[in-house]
Amino acid sequence: MASLKELAKQGEKFLGGHRACAGCGATIIARQVLLAAQYPVVVGAATGCLEVISTIYPYSAWNVPYIHNAFENVAATMSGVEVAYNALKKKGKITKELRFIAFGGDGGTYDIGLQSLSGMIERRHRVLYVCYNNEAYMNTGIQRSSATPYGAHTTTSPAGTKIPGKLQPRKNLTEIIIAHEPAYAAQATIGYWNDLVTKVRKALDANGPSFINIFSPCRLGWAYPPEKTAAITRLAVETCVWPLYEYENGKYRITVKPKEKKPIVEFLKMQGRFSHLLKLKDDTPIKEFQAEVDRIWEKLLKRSAE
Amino acid sequence: MASLKELAKQGEKFLGGHRACAGCGATIIARQVLLAAQYPVVVGAATGCLEVISTIYPYSAWNVPYIHNAFENVAATMSGVEVAYNALKKKGKITKELRFIAFGGDGGTYDIGLQSLSGMIERRHRVLYVCYNNEAYMNTGIQRSSATPYGAHTTTSPAGTKIPGKLQPRKNLTEIIIAHEPAYAAQATIGYWNDLVTKVRKALDANGPSFINIFSPCRLGWAYPPEKTAAITRLAVETCVWPLYEYENGKYRITVKPKEKKPIVEFLKMQGRFSHLLKLKDDTPIKEFQAEVDRIWEKLLKRSAE
Amino acid sequence: MALLEIRWHGRGGQGAKTAALLFADAAVETGKYIQAFPEYGPERMGAPVFAFNRLSDKPILQHCGIKSPNIVVVLDPTLMETIDVTEGLADDGIILVNTQKTAQEIKEQLKIKKQKVYVVDASKIAKDILKRDIPNTPMLGALIKVSKLLDFEPMLESVKKRLEHKFPNRPDVVEGNIKAIIRAYEEVKE
Amino acid sequence: MALLEIRWHGRGGQGAKTAALLFADAAVETGKYIQAFPEYGPERMGAPVFAFNRLSDKPILQHCGIKSPNIVVVLDPTLMETIDVTEGLADDGIILVNTQKTAQEIKEQLKIKKQKVYVVDASKIAKDILKRDIPNTPMLGALIKVSKLLDFEPMLESVKKRLEHKFPNRPDVVEGNIKAIIRAYEEVKE
Amino acid sequence: MIVARTGNEAMAEAMRQINPDVVAAYPITPATEVVQLFASFVADGLVTTEFVPAESEHSALSACVGASAAGARVMTSTSSQGLALMHEILFIAAGMRLPIVICLVNRALSSPINIHCDHSDSLASRDSGWLQIFTENTQEAYDTTIMAVKMAEEIMLPAMVTTDGFIISHGMERIELIDDKKVPKWLGERKVVNNLLDIDKPITLGSLDLQDYYFEHKRQEIEAMNNCLPIIEKVQKDFGDTFGRYYPIVDEYKMDDAEVAILAMGSTGGTAKVAVERMREQGKKVGLIRCRIYRPFPKQAMLRAITKVKALGIMDRADTFSTMGGHLYNDCRSILYDADKKPLIKNYIYGLGGRDISIEEIETVFEQLLKIKNTGKVDKDIVYYGVRGE
Amino acid sequence: MIVARTGNEAMAEAMRQINPDVVAAYPITPATEVVQLFASFVADGLVTTEFVPAESEHSALSACVGASAAGARVMTSTSSQGLALMHEILFIAAGMRLPIVICLVNRALSSPINIHCDHSDSLASRDSGWLQIFTENTQEAYDTTIMAVKMAEEIMLPAMVTTDGFIISHGMERIELIDDKKVPKWLGERKVVNNLLDIDKPITLGSLDLQDYYFEHKRQEIEAMNNCLPIIEKVQKDFGDTFGRYYPIVDEYKMDDAEVAILAMGSTGGTAKVAVERMREQGKKVGLIRCRIYRPFPKQAMLRAITKVKALGIMDRADTFSTMGGHLYNDCRSILYDADKKPLIKNYIYGLGGRDISIEEIETVFEQLLKIKNTGKVDKDIVYYGVRGE
Amino acid sequence: MKKEKKGWKEIPIGLVLDSGTSKEFETGDWRSDKPIWDEKKCTHCLICWIYCPDSAIIIKDGKVQGIDYKYCKGCGICAEECPPKIKAITMVREEK
Amino acid sequence: MKKEKKGWKEIPIGLVLDSGTSKEFETGDWRSDKPIWDEKKCTHCLICWIYCPDSAIIIKDGKVQGIDYKYCKGCGICAEECPPKIKAITMVREEK
Ligand SMILES: Cc1ncc(C[n+]2csc(CCOP(=O)(O)OP(=O)(O)O)c2C)c(N)n1
Ligand SMILES: Cc1ncc(C[n+]2csc(CCOP(=O)(O)OP(=O)(O)O)c2C)c(N)n1
Ligand code: SF4
Ligand code: SF4
Ligand code: SF4
Ligand code: SF4
């Protein structure tokens, strides 16, 4: 269990001066993940908010080696960086122990980057892939992704007079990745920094591909007051909208169990993206959303009991 | 339970005169799947053996509407066909009930076409995706795919003096798809035509995206005598190398349980692609393969017991 | 009327772009030719942003940026500390600032001699009437006044239309904004 | 020696391509310039296929297809029923067929007057010696004979080398193939 | 109806009025809004379109191919990296002769990644067999989007209509909209030649073509491109006759007595027209030529225009990375090869990655051209205009 | 060492001798063998390369970008649809100035899908900022693959070396191999300018470039392309001096006294040389020009060659789908614009999708050119040669 | 299998092709072994038919009529799969 | 934030950039609310630090030194997360 004092000892690896909205969750993730790393790391990022706000030429917020290639290929790009490292190490041109971390948003991971990630895991590259999951395409102005929850309003799944927000449930990427049998997989979020730090360290020590899906509030896309960024993630966990668990050599483990499971409405009502659902006379959308959450939570309890 | 007499009543939908190798499993799949369909179907195919051998201009073996676009996008292409059908139906330009089937090889499905398929399922297009899985890229001359089993020889995972065939286990695509929660998912193979036919009919009746992963012997890539094409699939099932099961509204069901589970060696020794493994003094590769098969089978038994 | 070029200074989220668009949109209905375009950047909430307008009686063909505006509108006075809002402003140009200060104080702060300065406490107006610090619509009123080339009544009408279209079932919001525009139109001073 | 062009007829899987490549590869070592290329199609096992060779003492520059070969080699006689193996064959050309029939019978079957026909039962040779019906290597021997422009000994040597390289720890296979080649070289007749 | 719209709004309005059967798309700056607005039309039931929020542009266009082959009227929108990711399927859509229409917002290609305007994205796919129409302003973008549907369907080739990223896509202008009902009426229904969904007469689309047929199929496609200009002109005339706005193949501005001229594409055309005015006020005989239809390349019309002047400044908002300068520059030199009147030509590569081009800078170009005309000498034939440190 | 090798074998041998740090690739006919053979070298421990069997070409090239940025010497191989799928990343690799080398086997682009040779695939990416070198035969493919590594690394731009699909890739020829040890020795180590793996001096690669810097970065890339021909010549000379085989920028055959000539790329060059011989035997003064270095386009060398004759037949194995004919045709007309000697030019679009081109057909072209020379008239300036029904 | 190939103006536009035309392409000559069907033994269970990759088992009113040698490539699956107790199909070498 | 921009011959080749240079870009002026840190109340638990999106909580030897207003955008997370019983950070409106 890491202590903040310990983490604070090392210098910052993700600096201020970036262009993120005030209170952006993605940047907190970048900081917490890099602070957790106990090895020197080389970072790759997919196109997306995190990349855009951190590397506007001639300014870079990254205090570690960083590469950006395109939107859909950070996993493939880091696969290449990792094998180059292996090759150069074999030839003695590099001696240090390095680790590799790929950052992608949910769009760059659940959708356009899924194949690249699937290939990276199947080929067993030793890279930690971090999906900072703000549940929509924020950089382009809040479009739906397959991580966008049922009913949420986005600009491509708008709450209109005929259609009440997104019609499909979230793609369960963490389960999809677990079906790939990576060396390590987990869900985390910033509100539980300690849980997050522990998972990052496990992932970097795992001898193979690892994946962490990190719930990442976006004050713009979710429409909530910026100071609530950390608080909102705790509600997501307490309502089981975002269960914290990990998968390691074939076993599931829930790392943070809410004392009492709150109804999702508590989570929804904090955010503008769901406000139309709460206004609807007909509460089936919310019921369906709740049912979906319960179903997945039940399954998780079962799996972790196995 | 369909009878062959019944199936034979309708005319052939996949004709002779195609250019497949004598005894090709993929073409048997095309026939069995189309014969099973109780609706008029529109077919799409990904680039690969099935497409190449069936549509060399000016000859087409397909006796149903057919479209080929590219290698990696048959799922997206058929998504488009399906929505066009919905749109035209809304406008009364089409009245008939049609169904849509996409055929892709394992390369076009597990690897380069995975994302396209994932998107099709996430958007809930009512298309049956059939992966005819011959466990390698055959059309281009037997290269490894992520469906290629551990230890198998292919031209890009050759059994060499330093490396004994493919080093990674099979990607478990069926589980990956199940994690997408399609309306219906299953594994099937030609040797159990009745099981296959039943699954195709369930899939076409399912109100949403469906997926069937069909084990497809390739006499060229697997190196076995052509007349064994059906027999070999039964061995795959009896050794649990290819379990026959289905997933429907949250439940797993094993559709064909082998009376006694045979050791995988019985399956391996029929095929040239594994011959080097049997020649090795060190039998760890085979042991690991067996362990992998057992692990997945155990999991399946557990899941289907849930 | 010759071509008039306007530059808006605001912060991401403050509605400088919205104001510029609304201004242009409304002006069209009064028979003018217009352009409205934001400064093109991936800037996020809080960051300094620009928006621009062109206004004319004749068709506007050019699509280049605006380097020397006739009018500069400052939505957020704190911007003046870090950004030279007078940059490129024509000698006979006008600066319109949302502030509690007097025009004179602003003149001194910006060290400008030739150009005219107009001030209005749009934030206060917004807070009074709309109960939120969104100075952009009030500033519209002030702008119409100082620009001297749009008839107030018709502009007000067409702004109203647009607000009604934007907030179909919020007459209160529409009313509030219109009130704010009128008050700013009246309160803006040199 | 002028340029010699050869066309091979076989079936997918029968090794027409392999034979053409092996032939060319071996000929290079004897100091010749060569080309070997398959007919380019996605054909599968069993389908009729072609392969081609060019052979010369001088560098070969052209990369076009071969339309009028000097020699045609038929690995599988059943092909003659569906395919015109004599197509484009020069009047002074040669046809070499793997068959039990006599050259005369083949002449009649193919209705050819001018060109020479050579026959050899390569399948039998293969089955006798290699215990499998793979007529391609034996046919090499026959081809060397009829083509009259390669010295047998050096060709045999370099073919052997290549087989040894291909089957490192199968001396039996190498021996068998060499035997088969020699026998075909001897048995081929007009 | 006179309104104020941004380029993206205008294209989205056109799509709403066209009410295509299928729209499959993926967001990308600066084209996102087109899709976004259209999605809201769907959500509000203003269109009956099936909207497919694809998981990538590659899949978006692949779905468009499937839908178009199935007989639907299909549109999409993208930009830059999105178009690049569609590259493979662009050629396939054209080869299958599917009249898909893309509302393309021009944006510079990575790398470096940049979200602003240049023409490298559409020009990098100029061989794909798509019609390419570059528009100057919001009105033209709106009108051309509607016309493109008709052109594509009659020619049986897909079409891209482009606007300059941000400059037009996010720039609000005064435009006139056509009545909602008139648009579908003018377009009529799509006539489907090969109907994939006709199960009574099953067809096979997209077969494997070997050496024996590929050339013949491509020859048909080439012929379609070679012969489609008259159809384009017909559609433009018909549009003008119906709605009162006429568009040329090549837009000539003050060219009748011009001694020197600038050739450009996209929004720069408008800026250059203002520069022409200013120069003319000083009595200088300058003109502007704007290439509107870029694919097919209008050889004759372009020759007619560019041979009117003694000195021609070709402004390319992209480079070919070939040592040969920009695209229009090479296209024009090529078609001029056997012309008897040959202007002196200078190539200005400008505005890459959204670098602004001002009226003054264009006036400077005119001054240089006048000098060239007088001296008869082109000092440097390819220059990079507006780059720092040149 | 004299051996017999197919084009794919030759390129794979070159890769084995180069022993790159990383190879990431994806199979595609007719390039598959290159990767296949290389994979067997890896399996047999003949190279120390890290081999990445990517799940698509897009990922293959993306991994190459990552590996090259990390300081590795990187190669891959692909063809046609594979290259098209890499399109987006091609521009990125060049923009990041990464010296990746692709062994490209030319194959026609879909649709229709076809596995045979034409040049549409590499030509469709000619703007991407990659060096493009078209080879005539197996020997040249082998030698050029080795040279390309050095060129790319010195120029800091990626390079494609192409062979004609099946014709060369699957055609066995007699070639001379260099001793294994000599190749790495001649190449030396890659000098890495920006080292991503240097954690003590962390750098940021691939940042977002807005209007204020994009043009400057692209200008650097353009400059690299504009100035790299001398480096290419230097490397070719150095290679010749070391290994005895010299290669030109533009390959001229019997051009000294030629009155008419054909300009072509790839394997057709060889076939045309034989045609030249036959014509010469009849006393006809014909010659061949083969464009070997296509990107950067060698303006000077090409001008020198093509202005030697009165009539020039430009044979393009691809079309631009622009109404303007083939690529070389337009490139040459463009560079000839201000030349004082101008040959009569006729464009022959031929061989699409692997349509064979015979010596006799090329002789016919020469006859037509001689007629053009004599009559001084070009009847039809763009013809589709060898298509049925023309 | 020779037939005159059409010119570019004659073939239909849009890369289209009538379905089922492979009937015109006979693959029977690929065969090196030939299935012989014994009508007397056959119980018409249709097992051979469901497994034939080349749709070469001719069926009429639910009964096997024989084998279509125009397409049969002689893979031998039918003989292999015909029930052990029946074995109504046997493979013989194509005589040359 | 004005600084002379380099010409194309002066900027490094290969789209490279030194890491950590965002320090030169001050985002403090984006702030409309300002966190005030009360040294006396602070227990140096560092909670505010781990949550600050702009790395604007200045730490030295494991102790909070104050807030770096050059970068702080005033999101208010620090004040929100500072333990209830402590609340050593309070947000005040930036006076204009
Ligand atoms: C091929 C391609 N398509 C689209 C884009 C435009 N684009 C850039 S970032 C982005 C969305 C990113 O969303 P996500 O991955 O969720 O990250 P976020 O912005 O939400 O942090 C899109 C659509 C692109 N750059 N490249
Ligand atoms: C983008 C692209 N990459 C590569 C290819 C080449 N290619 C065609 S089919 C194929 C392999 C197909 O393998 P699979 O999907 O397993 O089907 P199979 O051939 O085994 O039936 C490949 C690599 C292609 N056509 N397009
Ligand atoms: S939009 Fe959301 S994700 Fe992007 S910077 Fe702002 S808060 Fe962060
Ligand atoms: S290679 Fe395999 S899959 Fe392809 S046709 Fe032959 S048997 Fe069928
Ligand atoms: S959270 Fe509060 S108590 Fe803890 S360090 Fe920060 S200011 Fe001090
Ligand atoms: S207000 Fe936000 S940015 Fe400022 S110090 Fe607190 S947490 Fe950091």
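Chain A is the first sequence line, chain B the second, and so forth, proteins listed ahead of strands; every chain is numbered from 1.
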Assert top hit (heavy-atom pairs under 4.5 Å, partner chain B, pool E:Leu196, E:Ile92, E:Leu61) equals E:Leu196
Okay, B:Val83 and chain E: the region with an atom under 4.5 Å from a heavy atom over there is both
Taken to the nearest 0.5 Å, the spacing of E:Leu197 CG from B:Ile94 CD1 works out to 4.0 Å
Chain B shares the most heavy-atom pairs under 4.5 Å, among E:Pro53, E:Cys64, E:Ala69, with E:Pro53
E:Ile89 and B:Ala70 have their tightest heavy-atom pair at CD1-CB, 4.1 Å
Contacts satisfying salt bridge (charged side-chain N to carboxylate O under 4.0 Å, His left out) that involve residues 54-69 of chain B (not counting sequence neighbours) are none
Sorted by chain and residue number, the side-chain contact (heavy atoms from CB on, under 4.5 Å) partners of B:Pro40 (sequence neighbours excluded) come out as B:Leu98, E:Ile199
Return one line per donor-acceptor pair between chain E and chain B under 3.5 Å, naming both atoms and the distance rounded to 0.1 Å.
residue	atom	partner	partner atom	Å
E:Asp21	OD1	B:Lys91	NZ	2.4
E:Thr48	O	B:Lys90	NZ	2.8
E:Glu50	OE2	B:Lys90	NZ	3.3
E:Glu55	OE1	B:Arg123	NH1	2.8
E:His58	NE2	B:Glu72	OE2	2.9
E:Ser62	OG	B:Asn73	ND2	2.8
E:Glu189	OE1	B:Lys93	NZ	2.8
E:Asp200	OD2	B:Lys96	NZ	3.2
E:Ile203	O	B:Tyr66	N	2.9
E:Thr204	OG1	B:Ser60	OG	2.7
E:Leu205	N	B:Tyr66	O	2.9
E:Leu205	O	B:His68	N	2.9
E:Gly206	O	B:His68	ND1	3.0
E:Leu208	N	B:Thr55	O	2.9
E:Leu208	O	B:Tyr57	N	2.8

Sequence neighbours excluded, the answer for side-chain contact (heavy atoms from CB on, under 4.5 Å) partners of B:Ala84 is E:Val22, E:Ala67, E:Ala70, E:Ala72
